[in-house]
Amino acid sequence: LPNVEIVNGIQYVRINAKGGYFPAVSTAKAGISTKIIMKTNGTYDCSAALVIRSANFQKILPQTGETEIDIGISKIEEPITGVCGMGMYSFNVNFED
């Protein structure tokens with residue numbers, strides 16, 4: 001799980017947003033408090049306009065920086081999907097035991 005780490009009981013999933021989302025699919029542990037860290041670096045395309053419906057999140061990310069999105073305690077059967085404002089790019093975070 002190279003882009004997923006647990007620090008002090010909180011799980012962080014790091015995703016880069018620029019010309020899409022990388023990695024496009026992440027796997028994280030279910031049942032613990034989880035935050036997605038969206039990292040931008042000179043991001044001017046539509047991947048900066050992020051929507052995560054299940055987390056009630058809709059925001060224009062800063063062109064460069066990190067945005068922390070608290071998605072709470074995740075369940076195995078409820079993957080998180082993020083999509084850009086135009087629907088061109090997306091990412092999934094799947095949860096397992």
Glu68: which residues meet the salt bridge (Lys or Arg N to Asp or Glu O under 4.0 Å) condition with it, sequence neighbours left out?
Lys35
How long is the gap from [atom1] on [X] to [atom2] on [Y], to the nearest 0.5 Å?
X     : Y     : atom1 : atom2 : answer
Ile52 : Ser90 : CD1   : OG    : 11.5 Å
Thr27 : Phe95 : OG1   : CZ    : 9.5 Å
Thr67 : Ile15 : OG1   : CD1   : 12.0 Å
Glu66 : Asn16 : CD    : CG    : 9.0 Å

Can you hop from [X] to [Y] via hydrophobic side chains spaced under 4.5 Å?
X     : Y     : answer
Met86 : Leu61 : yes
Ile10 : Met38 : no
Val4  : Phe22 : no

Side chains of [X] and [Y]: closer than 4.5 Å at any heavy-atom pair?
X     : Y     : answer
Glu78 : Ser54 : no
Tyr21 : Leu50 : yes
Ile76 : Asp97 : yes

Here's a test for you: under side-chain contact (heavy atoms from CB on, under 4.5 Å), which of Asn56, Val93, Thr34 qualifies with Ile71?
Thr34
side-chain contact (heavy atoms from CB on, under 4.5 Å) test vs Phe91 passes for just one of Val25, Val83, Ile36, namely Ile36
Results of ring-ring contact (aromatic ring centres under 6.0 Å, His included) for Phe57 - residues two or more places apart only:
none
Return the minimal non-hydrogen interatomic distance between [X] and [Y], and the atom names on each side.
X     : Y     : result
Ser33 : Ile73 : N-CD1, 3.8 Å
Gly65 : Pro62 : CA-CG, 4.5 Å
Ile32 : Gly9  : CB-O, 4.5 Å
Arg14 : Pro23 : O-CD, 3.9 Å
Thr64 : Gly42 : OG1-N, 2.8 Å
Ile60 : Ala49 : CD1-CB, 3.7 Å

Measure from the side-chain N and O atoms of Ser74 to the backbone N and O of Ala30, and report whether any donor-acceptor pair falls under 3.5 Å.
no
Would a distance-only check, ignoring hydrogens and angles, find a side-chain to backbone donor-acceptor pair under 3.5 Å from Gln11 to Ala28?
no
Could you tell me if Asn92 and Thr81 have a donor-acceptor pair between their side chains, going purely by distance under 3.5 Å?
yes
The complete set of side chain to side chain donor-acceptor pair (under 3.5 Å) pairs with one or both residues in residues 36-49, sequence neighbours excluded, reads Asp45-Ser47
Verify the neighbour count for atom CD of Gln58: are there more than 12 heavy atoms of other residues, nucleotides or ligands below 6.0 Å?
no
